[in-house]
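Taking it in order: structure first as structure tokens, then the write-up.
None of the values given here were measured: they were computed from a predicted structure. Position 1 is the first residue of the sequence; numbering continues from there. Every heavy atom of this structure was used, including side-chain atoms; hydrogens, water molecules and symmetry mates were not.
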Amino acid sequence: MIKHFLTGAAALALFACSQQSADDASAPAAVETKTDVTAPAPEPEPEIIAMSAEESLDAALASQSDEAKARYEWRHPKETLQFFGVEPGMTVVEVLPGGGWYTKILLPYLGSDGEVIGADYALDMWALFGDYAPNPEEQKNWATIWTSEAEAWRSADSAKVSAFVYGALPEEMKGTADAVLMVRALHHFNRFEGQGGYMTAALKDTMDVLKPGGIVGVVQHRGPAANSDAWAAGDNGYMKQDQVIAAFEAAGFELVDTSEINANPNDQPTEEEFVWRLPPALATSADNAELKAQMEAIGESDRMTLKFRKPS
């Protein structure tokens, strides 16, 4: 605080004489008083404290629905995204995003500088799903439809959204992604590999959409190594870990690390079983309470978690 002291008179007067006309020569000079006024100190700017990546991820996870949170026990989204190195501001491709379970976490976590790009199976690959295939006319517009749906999940400070389908990667998206997430999506690519080279084509598009040094994060139902290769080709939902690693390395990716974050040793399927017998599908026990209890006791599938890199 600046204090003002007055010395002598209550105020200091400055006198100025002006040249007057002959008639006004005897008039007293005008008196000018100058007052020193000090402006108040400005208010300090409020301190802006940026959240760390972990705090941002915790906030994104906390904002999800109770139904989504019920899956955290098996999907381990925090540990999985941290293992893959996904951080705010990144551009992330999510393969087969569906109803947006991971998308709804990524949107607030990546923030306004980030982007989520949904990626769906090739149109002609969907035709091979038979009775499970979506309406082909609607599927032609999937990228537009999904982007519109995802826009409704955003807030003002969420990541942007866009989409493409495999086999039709837009030229402007090539080399733009920091990471691609393939969460329980590989088995369908692989099961139709012999009918159209869909696994090979998908890995080529994945390589093309990534920046040099970009990451592919894989979470995939893992079948026992002792089971036959034919059983683990994808029709039953399961693949073998060494099989997945070999496919990515053949496509030019480097294996960075593996994790047991999503492992479940209770899941030991025989060659007569498929993954959809387990929660949440429980496809074989809808009318069998005893079998349903057995499947629920096993829990969700055993899953490999693999981190690959596009060479720089």
Side-chain angles (χ1 to χ4, degrees), residues 71-77 79-86 92-98 101-103 105-106 118-121 125 129 166 179-194 198-207 210 214-251 253-269 271 273-281 283 298-310:
R71 303 293 299 281
Y72 290 0
E73 176 185 2
W74 301 106
R75 293 189 171 188
H76 308 103
E79 296 83 356
T80 299
L81 292 174
Q82 287 179 327
F83 176 72
F84 293 149
V86 175
V92 177
V93 176
E94 185 186 355
V95 180
L96 205 68
W101 194 91
Y102 255 110
T103 305
I105 296 170
L106 290 169
D120 202 10
Y121 299 142
M125 179 176 152
F129 280 78
Y166 276 98
V180 175
L181 302 184
M182 292 183 160
V183 181
R184 302 179 308 280
L186 278 176
H187 52 283
H188 288 307
F189 285 123
N190 199 65
R191 67 187 287 225
F192 297 126
E193 172 70 4
Y198 293 104
M199 181 76 156
T200 300
L203 294 184
K204 173 64 167 59
D205 277 353
T206 299
M207 181 73 79
L210 283 167
I215 292 298
V216 183
V218 172
V219 179
Q220 178 58 45
H221 308 296
R222 176 171 53 192
N227 286 13
S228 69
D229 290 345
W231 175 85
D235 297 79
N236 296 298
Y238 291 99
M239 295 181 71
K240 295 183 180 182
Q241 184 161 319
D242 59 356
Q243 171 192 15
V244 173
I245 293 172
F248 272 85
E249 290 182 337
F253 292 94
E254 302 168 347
L255 177 65
V256 177
D257 204 357
T258 66
S259 174
E260 294 300 297
I261 295 168
N262 295 297
N264 179 8
N266 293 327
D267 178 27
Q268 295 294 327
E271 295 207 8
E273 294 177 309
F274 54 62
V275 73
W276 299 284
R277 76 195 193 285
L278 298 174
I298 293 172
E300 295 194 20
S301 66
D302 178 46
R303 295 162 188 165
M304 65 185 89
T305 305
L306 312 175
K307 182 178 181 179
F308 297 95
R309 178 189 291 118
K310 174 180 178 175

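Between Phe189 and the options Phe248, Tyr198, Tyr121, a ring pair (Phe, Tyr, Trp, His ring centres under 6.0 Å) holds for only Tyr121.
Panel note: side chain Asp267, backbone Ser301; no donor-acceptor pair is recorded below 3.5 Å. Judged by distance alone, with hydrogens and angles left aside, the side-chain atoms of Gln241 form no donor-acceptor pair with the main-chain N or O of Met304 at under 3.5 Å. Looking at His187, its side chain never comes within 3.5 Å of a backbone N or O of Tyr238 through a donor-acceptor pair. Formation of a donor-acceptor pair under 3.5 Å by the Trp231 side chain with backbone atoms of Glu273 is found in this model. Side-chain atoms of Asp120 never come within 3.5 Å of backbone atoms of Tyr166 as a donor-acceptor pair (strictly under, hydrogens ignored). Looking at Glu193, its side chain does come within 3.5 Å of a backbone N or O of Thr200 through a donor-acceptor pair. Under the 3.5 Å distance criterion, the side-chain polar atoms of Asp235 are left unmatched by any main-chain donor or acceptor of Ala230. Counting only distance, with no hydrogens or angles, the side chain of His76 and the backbone of Trp74 share a donor-acceptor pair below 3.5 Å.
Residues forming a side chain to side chain donor-acceptor pair (under 3.5 Å) with Glu300 (at least two apart in sequence, or on another chain): Arg71, Arg303. Checked against salt bridge (charged side-chain N to carboxylate O under 4.0 Å, His left out), Lys240 has the following partners two or more places apart in sequence or in another chain: Asp229.
A salt bridge between Arg222 and Asp242 is absent, with no side-chain N of the basic residue lying under 4.0 Å from a carboxylate O of the acidic one. Classification of Lys307 and Asp257 as a salt-bridged pair fails, no side-chain N sitting under 4.0 Å from a carboxylate O.
A donor-acceptor contact closer than 3.5 angstrom is absent between the side chains of Glu260 and Thr305.
Counting non-hydrogen atoms of neighbouring residues, nucleotides and ligands closer than 6.0 angstrom, the CZ atom of Arg191 exceeds 12 such neighbours.
Ring geometry for Tyr72 versus Trp101: interplanar angle over 60°, hence perpendicular rather than tilted (30 to 60°).
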